[in-house]
Amino acid sequence: MTLLEKIVALSKRRGFIFPGSEIYGGLGGTWDYGPLGVELKNNIKREFWKSMVYERNDVVGIDAAILMNPKVWEASGHVEAFADPLVECKICHERFRADQPEEIQKHESTHKGKKPEWTESRKFNLLVEAKLGVVEDKKDKVYLRGEITQGVHVNFKNVLDSTRVQIPFGIAQIGKAFRNEITPGNFTFRSREFEQMELQFYVKPEKGESQKWYEYWKAERMKWYLSFGMDKKKLRFRQHEEGERAHYAKDAWDIEYDSPFGWKEFEGIHNRGDWDLSQHQKHSGVDMSYTDQESGKKFLPYIVETSGGVDRAALFFLINAYFEDKDPSASSGQGRVVLKLHPKLAPFKVAVFPLLANKPELVKKARSIYQLLTASYQLSPIAWDDRGNIGKRYFAQDEIGTPYCVTVDFQTLDDDTVTIRDRDTTKQERVKVKRLSELLSNKLSD
Ligand code: GAP
């Protein structure tokens with residue numbers, strides 16, 4: 001099994017990620033997050049929001065509608081230019097991206113010996129269309145947003161008028177985006193429905209100023225991924241080449257991960273110049289300029305954008321955390337799978353076990369500790385397991401990344417102590433129940 005196959009299997013088996021609408025044969029490029037996947041994704045989004053909004057005084061948040069007036073997408077250039085080059089195999093009529101030669105080669109090899117001819121490359125627009133309205137033949141065409149970004153820019157004036165922000169400042173947003181990808185694939189990596197976490201940072205329209213903030217945000221975003229345990233050797237920046245940049249970008253650098261399917265982008269940092277505000281000003285007729293409070297000068301700000309994919313981050317955090325090793329504490333050196341997720345991202349922070357499920361006094365005590373910890377960690381669930389033997393329970397928690405397991409045993413009933421077992425070292429320490437919450441909080445906040 002390849003590493004990606006192992007991650008796909010683990011995701012299904014333990015409830016991280018399921019194929020979308022699976023019982024009906026699925027729907028290409030859609031995925032459903034299970035009980036553990038939703039926790040992982042929520043943790044990523046919560047940490048993003050904490051560091052980008054709560055811990056700064058120059059960024060505010062927004063949550064704009066997915067459906068927008070279609071004029072937005074004409075103004076933003078997406079109707080015209082948000083497209084990939086598409087070619088069609090003349091033998092089986094399957095369609096591929098012309099700019100992905102590996103995919104084309106892979107497909108050609110499926111026609112055993114018969115080299116297919118391909119149609120001329122043509123532009124294929126990625127916006128997903130929907131119909132809105134209650135009268136059948138008068139329904140209006142709308143688009144599901146192709147990037148979450150435009151919901152921020154069309155609200156630039158609303159945010160200015162309703163808050164005390166002053167340039168330089170940013171607006172952060174997290175939400176779903178939709179793209180009619182020609183070839184979804186590599187698990188969730190290229191999906192047709194996915195989530196983005198973005199910052200649009202408005203600065204004075206001067207080259208030096210926007211460059212300074214561009215470098216600042218590049219460094220901040222890389223630091224953020226490193227702070228949650230991504231392996232430094234597996235991360236790099238890559239600048240887009242001249243013909244590769246999106247229509248709105250003056251400059252674009254991707255943060256890439258060395259994945260099982262090659263170096264792949266999971267966050268883009270873009271200098272959008274004044275593209276968005278000037279286009280919306282032109283198409284809506286609304287003045288989108290900012291007036292500097294000190295000099296009284298009016299200008300259209302430049303925008304530095306950081307645009308990350310929540311699903312790609314979740315996938316690369318899973319891949320980055322996946323280890324197969326021998327349990328150092330077992331004399332047999334039994335093999336185990338362990339997800340060394342950063343504690344802040346792990347779906348469960350702690351699991352609680354009674355040593356034996358058929359001893360009511362152990363179960364009762366363990367339940368009371370479970371409730372105590374649940375009350376102290378309201379932002380994340382506590383796991384409970386009383387099935388099978390204790391070693392199997394530890395391994396089951398290792399496999400989903402739970403950093404600590406607390407076991408209630410017979411000694412607990414004598415001296416009110418429990419063991420805490422560490423996922424990564426598998427070492428156990430015995431601590432007083434009354435110190436448990438504080439101790440775990442300290443460990444988890446490291
Ligand atoms: N607002 C700018 C923007 O949308 P992008 O580079 O097209 O820029 C940003 O997308 C991020 O969104 C990507 O780095 C990736 O993480 C995520 N993303 C884009 N297309 C995706 C897809 N089809 N499936 C999953 N994630 C995707």
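All values below come from the heavy atoms of this structure, side chains included, with hydrogens, waters and symmetry mates left out. As the structure lists them, so they are numbered: ligands from 1, and atoms in each ligand from 1.
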For F348, what residues pass the ring pair (Phe, Tyr, Trp, His ring centres under 6.0 Å) criterion, not counting sequence neighbours?
none
For ligand 1, the portion of [X] having any non-hydrogen atom under 4.0 Å away:
| X | result |
| --- | --- |
| E181 | side chain |
| E267 | backbone |
| Q200 | neither |

Could you tell me whether [X] and [Y] have a side-chain N and a carboxylate O separated by less than 4.0 Å?
| X | Y | value |
| --- | --- | --- |
| K50 | E55 | no |
| D254 | K218 | no |
| K212 | E215 | no |

At what distance is the nearest protein heavy atom to [atom], and which residue and atom is it?
| atom | value |
| --- | --- |
| atom 12 (O) of ligand 1 | Q196 NE2, 3.2 Å |
| atom 17 (C) of ligand 1 | G309 CA, 3.7 Å |
| atom 18 (N) of ligand 1 | F194 CE1, 3.5 Å |
| atom 11 (C) of ligand 1 | S307 O, 3.6 Å |
| atom 13 (C) of ligand 1 | E265 OE2, 3.2 Å |
| atom 19 (C) of ligand 1 | R179 NH1, 3.4 Å |

Would you kindly check if the NZ (Lys) or CZ (Arg) of R423 is within the cone defined by 45 degrees around the ring axis of Y404 and under 6.0 Å from the six-membered ring centre?
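The answer is no; the distance or angle limit is not met.
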Against the six-membered ring of W253, is R238 placed for a cation-pi contact (under 6.0 Å from the centre, within 45° of the normal)?
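No, R238 does not lie over the aromatic ring of W253.
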Please could you name the atoms of ligand 1 that [X] approaches to less than 4.0 Å, counting only its heavy atoms?
| X | value |
| --- | --- |
| T149 | 1 (N) |
| E198 | 1 (N), 2 (C), 3 (C), 4 (O) |
| H270 | 2 (C), 6 (O), 8 (O) |
| E305 | 1 (N), 2 (C) |
| E147 | 1 (N), 2 (C), 3 (C), 4 (O) |

Please identify each residue that fulfils side chain to side chain contact (heavy atoms under 4.5 Å, CB included) with S284, with sequence neighbours left out.
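By the side chain to side chain contact (heavy atoms under 4.5 Å, CB included) rule, S284 matches V286.
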Can you classify the ring geometry of Y290 versus F156 as parallel (below 30°), tilted (30 to 60°) or perpendicular (above 60°)?
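Y290 vs F156 ring planes: tilted.
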Does the plane of the ring in Y370 sit parallel, tilted or perpendicular to the ring in W384? Use 30° and 60° as the thresholds.
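The arrangement is perpendicular - the two ring planes meet at more than 60°.
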Determine, stepwise, if the pair D292 / I167 fulfils side chain to side chain contact (heavy atoms under 4.5 Å, CB included).
CA-CA 8 Å; D292 187 83; I167 273 175; 5.9 Å; no
Of the choices G185, S191, G146, A177, which has the non-hydrogen atom that lies closest to atom 23 (N) of ligand 1?
S191
Would you tell me which option among Y248, F178, F266 has the nearest heavy-atom contact to atom 8 (O) of ligand 1?
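The nearest heavy atom belongs to Y248.
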Do ligand 1 and F189 have nitrogen or oxygen atoms that lie under 3.5 Å from each other?
yes
